[in-house]
Every structure is written in structure tokens, then in C-alpha cells.
Amino acid sequence: MTAPLEARLQRLMRTYPATYRRAHGADMLTTMLADATPGQRWPRFGDAANLVFHGLRLRLTKRSRGEAFDAGWADACAVLGPLIALVLLALRLPVVLRMPPEAFRPPFNAETVAGISMLSAGLEVVGWAAVAVAALAGLRRTAALFAWAALLAEVVPLVRLYDVSPVPVVHGLWRPALALVAAVALSAAGSRGAAAVLGRRRLGTVLVTLTVIDVIAVILGPGSVTQRTDEGWTYLKFFPSELIISSGPSGYWIESPSPTAMGLTLLGLAVALLALIVAVVTVPGPIRRRLLVAVAPVITVILTINLTLPGWAASNDHMGHPIALVPVQWAALAGLPLLTFALGLRWVRRRDEVLRLAALGATVEQPVR
Amino acid sequence: MPLKESAFLILSALAAGPTHGYGIMKDAEEQSAGAVRLRPGTLYAVLAELVEAGLIEIDSEEIVQSRLRRYYKLTAPGARQLADEADRRRAAANTAGLRLRRSGLLTNGGAA
């Protein structure tokens, strides 16, 4: 049972920011209890006032807010930035490589849906390639700057297309969400680069698997985006409302002329993705947990769209005119990912603390044995 | 830049070897002959500043009777800063003592 003095000290320490309490609270409490006289039930008035003063002072300074960003987050951000840039590049590259050459000759028609899509796809490829190269070369600030520009290239076309075709735009929101994570991560990354954190072998695996995925996508996707016909083709939809795979005219990025070719595509993709997942999940636990928490909001965006908006998408298909999302739907799309991130942060902190104390306990017990 | 009294006492306490918060608190009280009592809020605020300045660092942590106890130690820059500060204070004290004796205000001498 917690003694009255300890409980009262803990209550006083609530004036400190939670991040500070997590880092120093247990040690402070040990010191204050060691300083107490036998039978003492109340904190000394001067000590109590001193605690409240310093706690409130810390709450009003920026330093306490920065404590949540530890070395683990710095390393995770160093990995996330180039990794997301490479993934976004790998997803967009096949689309651009399959475009007809005339699509790249100016003037670009930015007034039509196809024109906007082509222009944005081209800009995104250039942007994310620049981000990946800069990040892997250790130019963190430059990479961050490129990432914010690439994010803009992701968002602007979606804003322009939303009034005309809201369903594909909303289904594609995971891309700017992922791009935002990359831009924030690169802006906050630590001094260690992705190669130092991941190791050269893991980074090599990531690069090779993404290249394999793209080669498969380009070779087995002979049709062009603009000249595509729906009949006689099997489509792999990326994030349609029905989830992963189906036949249909929207939301795909890989297409294949026969079921056999599609089977081979899927097999190659599965092997490459497995290697990619193994490379990422075998990173040290603290970094792995932070990577998961950082991408969790993007997964939440995808799940929210696929689980809560099929009715809205169906209405758009059947009504013959675009139906925009209502404010509460936008609120869910923005709020649920933020909530997921906040819960993830909490989970990471608690997990780190439990593991740290467990390791300390093991260290203390060792000499006794 | 001169060290605050509390920072000087903490660095001086750690010059004897790594110790924990309560050890620093008691040592500072002894060094100042009871004149300075570091309250917990002040102690940990100054410890955080000294860690941030690279003058001290966390040495180790242990669990004693189910409670976490963290040990701090002086770093090389911290030791240099403490030595400089001690010289500065010694020089200031000598000057003060000398002036007091010369002026005749302190008839029975003094520490300096």
C-alpha cells in the first residue's frame, strides 16, 4: 500500500509535465522519501512549494515538450524518411514508366483529370527520388525540404481533382498521409543516417526488394495509363473500398494481360514484400516500435476509408454527380489517425519504461545469484 | 560564466565520486555547513541543466527496495568547470579577506 507521504508527493509531482515525470519522477520520489523523517506524513511546506514552482515552470517552457523526442525517435525518423520516400517512389515509378513518351512533352494540360494525374505523377517521382537520394547521402535538411515539396506535389492535384472525382481522391489520401509522415520524420531525424541505423544489409534488402517490385510492375504492366481498356484485363487494385484484389476500372496501379501473368506478379510481389517486411521487423525493438507507431496513422486512414466510406463511394457511383464528404467524415479522417498516434506514443513510452525497469531488475538480481 | 551556488555545490558533491540525488542533497548541506539546503525541485532542475550542459551525466541506475535510484557523475568538462569556479571563488575570497584586513574592519582576521 502506498504510504500517505508518498501519495501526497506523487500528487504534488503532477504539476510536472508527464514526460518529465516519466524520465525523473521515480528517482525524485526516491530522493524525497529518503529525505523524509520517520513517521512523516505530509511534505514540508517549503518542499511542496518548491516542487509546485519548478513543475509549473517546466510546463511553461519548451524544453519539457521536447523530452518526448528521444534518441529512439531520432533513429526511427532517420529510417522512416528515406524508407517512405523509396516506397512512394517505387509505387509511382511504374505508372510514369508506362506512360507514352508524348505525355512528357510540354505543354502539359493541367485542366483535365488525365493531365493533372500525369503531371503530378511525374513531379512525385522526381520529388521522392530527390528525397531518397538526399536522405541516403546524409543531406538531412535538403531531404526534408524536398519532402515538403513532394508532399505539396501530392496534395495539390488531389485538391484540384476533389470537386470532380472525390472517390479516387479520398481513396488516395493515404499517400499524402504517408508523405506527411516522411516530411515530418526527415525534419526531425537525428544525426545518424538510415544506413547507420538500419545497417547496410537491411538497407540493401529494402532497395533490392523495391527495385524487384518495380521491375515486375513495369514488365507485367504493358498497358499505358491513358490507353488502357477495361475488357479482357485483370486488375490489382491497390486500395479500393472492397480491400485488396478485385477486377474493376479504378484504384489500381498494376495491370496484367492474363491470369498467369497476374499470378506471377503476385508471387514476385509476395516474395519481395516478405523480404521487405523481414528487413524492417528485424530492426532493434525500440526503433521497430516507433516505426510502427509512426505509420499507424496512415494505416488508420486506410482502414477508416475502407471500413466507413463504402456507402459514400457507392452513392458517388450511382448518383451521377460528385458527392463531397460531410464535415464529420473529414473529422473522423483527421481525428482517428491523430488518436492512433497519441495512443501509440503512450504505448511506446510505457513499453520502454517496463523494459528499462525489467533490465534494471535483472542487473540488480544478478550479483545475488 | 560563474556557476550558481547550487550548481557549484552539486558539482563539488560529485567530485567525490558518483552519487544519487539524496547523497548530493546531504553533501551540499554539509559543504555549506547547513547554510544551503537543496530542495528536491531545485535539485532536479539544476541536475537537468548540468546534464544538458554536459557537465554531469547519469552514471548508473539501481533498484533499492523497489525504488529507482539514479547515480550521477562528473564529466571531464564538469571537472574543468568546477576547478575554474573554485579558483575564481578562491581568488574572490582572498581579495575580500585582504581588503577587510587592510581596511581594519575585520580586526580579528578571517579565513582569508
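Naming convention: chains lettered A, B, ... in sequence-line order (proteins, then strands); numbering from 1 in each chain.
Among the residues in residues 75-85 of chain B, none has a non-hydrogen atom closer than 4.5 angstrom to a non-hydrogen atom of chain A. Proximity to chain A at a heavy-atom threshold of 4.5 Å picks out B/G21, B/Y22, B/M25, B/K26, B/R37 from residues 18-37 of chain B, in numerical order. Along residues 43-51 of chain A, the residues that come nearer than 4.5 angstrom to chain B, judged on non-hydrogen atoms, are A/R44, A/G46, A/D47, A/N50, A/L51 in order of number. Taking 4.5 Å as the heavy-atom cut-off, none of the residues of residues 4-12 of chain B approach chain A.
Both the backbone and the side chain of A/M28 come within contact range of chain B, with heavy atoms under 4.5 Å apart. Neither the backbone nor the side chain of A/F53 has a heavy atom closer than 4.5 Å to any heavy atom of chain B. Looking at B/L43, the atoms closer than 4.5 Å to chain A (heavy atoms on both sides) all sit in the side chain, from C-beta outward.
What you find for A/H54 and B/G41 is that their closest heavy atoms are CD2-C, 3.4 Å. What you find for A/R57 and B/A45 is that their closest heavy atoms are NH2-CB, 3.8 Å.
Shown here is B/R88, whose CZ atom has more than 12 heavy atoms of other residues, nucleotides or ligands within 6.0 Å. Within a 6.0 Å radius of CZ in B/R89, other residues, nucleotides and ligands contribute more than 12 heavy atoms. Around the CH2 atom of A/W347, the shell of radius 6.0 Å holds more than 12 heavy atoms that belong to other residues, nucleotides or ligands.
The structure places CE of A/M32 at 8.0 Å from OH of B/Y44, a figure rounded to the nearest 0.5 Å.
For chain B, the option among A/L33, A/L12, A/T30, A/D27 with the highest count of heavy-atom pairs below 4.5 Å is A/D27.
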